[in-house]
2 protein chains.
Amino acid sequence: MKTTQNIQVAVDAIVFGYSKEEGVSVLLIKRKYAPFKGNWAIPGGFVLDDESLEEAVERELLEETGVKINYLEQLYTFGKPNRDPRRRVISVAYFGLVKSKQFEKLKASTDAEEAKWFNIKELPSLAFDHDKILDMAIERIRGKIVYQPIGFELLDKKFPFSDLEHLYATLLDRPVDRRNFKKKVMHLGILDELDEKAKSSGAGRPGNLFQFNKATYDKLIRDGMHFEI
Amino acid sequence: MKTTQNIQVAVDAIVFGYSKEEGVSVLLIKRKYAPFKGNWAIPGGFVLDDESLEEAVERELLEETGVKINYLEQLYTFGKPNRDPRRRVISVAYFGLVKSKQFEKLKASTDAEEAKWFNIKELPSLAFDHDKILDMAIERIRGKIVYQPIGFELLDKKFPFSDLEHLYATLLDRPVDRRNFKKKVMHLGILDELDEKAKSSGAGRPGNLFQFNKATYDKLIRDGMHFEI
DNA sequence: ATATAATTGCGTTTATTTTACGCAATTAAC
DNA sequence: GTTAATTGCGTAAAATAAACGCAATTATAT
């Protein structure tokens with residue numbers, strides 16, 4: 001009742017990073033081997049027989065880019081018969097987030113000739129059907145940030161409030177009223193205001209640092225709270 | 001750089017149906033073969049080398065249950081190494097909807113000894129990790145019905161307004177104010193009110209039939225409309 | 001030192017949306 | 001004809017979101 005299948009299973013990871021200077025960026029690699037040698041692509045690779053999909057993602061990311069992700073969720077599985085010119089490959093795409101601090105250290109290796117962050121407004125065209133995958137990931141992060149607290153996964157553990165505001169404005173690509181935004185976010189009751197001040201990042205009055213309180217968030221969610229920005 | 005993989009790719013389909021009398025139901029099959037012989041399970045099977053994932057879902061569903069689905073979307077991919085006791089299987093789960101009319105005609109065959117609709121409030125425990133998959137599907141349909149017009153895919157093409165109201169109340173498992181609900185839905189401008197009256201389904205005053213206008217919906221969405229119930 | 005520009009912190013007012021609920025009209029069943 | 005069920009249309013109050021004012025704090029330039 002089952003014919004021997006000839007399908008390979010891969011994972012891909014669309015990883016986003018953020019900094020106030022660079023905006024929202026995505027991690028891409030330049031392919032070292034054919035097909036699409038020299039083209040930019042989403043990092044990823046084949047799943048080993050005894051590892052979970054998530055383990056495969058983390059392994060491939062570390063191998064190809066040196067990056068450790070902070071948040072990972074499944075995006076979509078792409079399985080059209082001819083998406084890879086060599087053979088049938090279905091690819092389970094994940095979408096991941098890294099914290100600001102991790103943002104710089106990249107070291108390409110194995111299948112990747114180079115790893116690099118690209119601002120999501122200045123993307124090259126990609127190998128395979130990776131353009132489509134990336135589009136879907138960008139749509140997902142934009143859609144999700146308003147009803148799930150994933151924005152905090154892109155910031156450092158402690159951050160000035162203005163960073164959060166700037167992240168939302170950048171990602172949603174629209175102005176955010178500072179006062180209403182702060183009212184809304186603080187009213188959720190999931191941010192702890194610390195006693196430390198941010199080290200002056202230039203001009204202006206430095207404010208306190210804030211920190212996302214996941215335990216409180218989980219508790220509130222259990223009690224029926226509805227997160228929305 | 002790539003070791004020969006020994007992973008099988010399957011698809012599963014969680015199919016929901018609805019009728020005013022039976023409520024929201026899900027289509028399950030009783031397994032004819034080991035493992036889990038005689039257990040209820042989600043319909044599905046292995047993907048053939050040259051078919052897309054969606055084609056595989058439709059083929060398996062037709063084979064195992066005789067049902068043709070009206071709406072199909074990908075749910076999640078399950079890939080933990082030991083979810084199938086025989087060998088490594090990753091399963092791409094889809095979630096589908098059928099219209100009320102299709103609701104009755106079931107004919108089990110191939111791997112299925114029997115196919116049957118189960119109300120989502122009276123579910124048996126299932127083979128493999130199918131309980132988890134089904135939970136996720138129920139969560140998805142509940143979550144999605146409020147921000148995407150998928151409810152109409154469960155009703156017949158023409159339906160009395162009260163059916164729509166009853167569907168939302170049943171699925172969301174909370175009372176819906178008839179007047180506010182109608183105001184909200186009609187204000188979206190995506191339902192055509194027909195001149196036909198529903199044939200009296202019992203007592204009370206019969207109202208007009210309504211019909212979802214997908215063309216209008218698509219146009220409004222392009223113009224930035226936001227569907228929400 | 002002092003003025004200037006940048007940024008934070010705390011408000012108020014107005015508009016919009018959601019929720020709660022009243023009540024007459026139509027129809028089938030008794 | 002009366003009753004029960006259901007539809008169709010509305011209004012008032014409550015909650016939420018949007019628009020905007022302005023003083024306080026701090027680094028930088030003069």
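Reminder, nothing fancy here: chain letters follow the sequence lines and each chain counts from 1. Only heavy atoms go into these numbers, but all of them, side chains included; no hydrogens, no water, no symmetry mates.
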Check: B/Phe161 ring centre within less than 6.0 Å of B/Phe210 ring centre
yes
How many whole angstroms separate atom CG of A/Asn208 from atom C1' of D/dT25?
12 Å
Distance-only donor-acceptor test (3.5 Å): side chain A/Arg205, base D/dA24:
yes
Using a distance-only test with no angle check, is there a side-chain donor-acceptor pair under 3.5 angstrom linking A/Asp192 and A/Gln211?
no
Gap between atoms NE2 and C1', on A/His226 and D/dA15 respectively (whole Å):
14 Å
Does one side chain, of B/Tyr94 or B/Glu54, offer a donor that lies under 3.5 Å from an acceptor on the other?
yes
Could you tell me whether the side chain of B/Asn119 reaches within less than 4.5 Å of the side chain of B/Val26, counting heavy atoms only?
no
For the pair B/Arg59 and B/Glu55, find out whether any cationic side-chain nitrogen is under 4.0 Å from an anionic carboxylate oxygen.
no
Distance alone, cut at 3.5 Å: any donor-acceptor contact between the side chains of B/Thr77 and A/Thr77?
yes
Against the side chain of B/Arg179, the closest entry in D/dT6, D/dC20, C/dC23 is C/dC23
Starting at CD of B/Glu193 and ending at C1' of D/dT7, how long is that distance when rounded to a whole Å?
11 Å
A/Glu139 CD: over 12 foreign heavy atoms closer than 6.0 Å:
no
Hey, what bend do you get for the helix from C/dA1-D/dT30 to C/dC30-D/dG1 if you fit axes on five pairs at each end, rounded to 10°?
10°
Are any of the side-chain nitrogens in B/Glu228 or B/Lys184 under 4.0 Å away from the carboxylate oxygens of its partner?
no
Let me know the distance between NZ of A/Lys184 and C1' of C/dC10, rounded to the nearest Å.
18 Å
In whole angstroms, the gap separating P of D/dC9 from CZ of B/Arg178 amounts to 12 Å
On DNA chain C, more 5' by nearest nucleotide between B/Lys183 and A/Lys197 is A/Lys197
Kindly state which residues belonging to residues 158-173 of chain B come within less than 4.0 angstrom of DNA chain D, counting heavy atoms of the residue only, listed by number.
B/Ser162
For atom CD of A/Glu228 and atom C1' of C/dT17, their distance in whole Å
13 Å
Rounded to whole Å, NZ of A/Lys182 lies from P of D/dA18 at a distance of 19 Å
Choosing from C/dT8, D/dT26, D/dA18, which nucleotide comes nearest the side chain of A/Pro206?
D/dT26
Can you check the A/Ile229 CD1 to D/dA18 P distance for me, whole Å?
11 Å
Ring centres under 6.0 angstrom apart (B/Tyr18, B/Phe16)
no
Describe the nucleic acid contact of A/Asp177 in one word from base, sugar-phosphate, nothing, applying a heavy-atom distance below 4.0 Å.
base
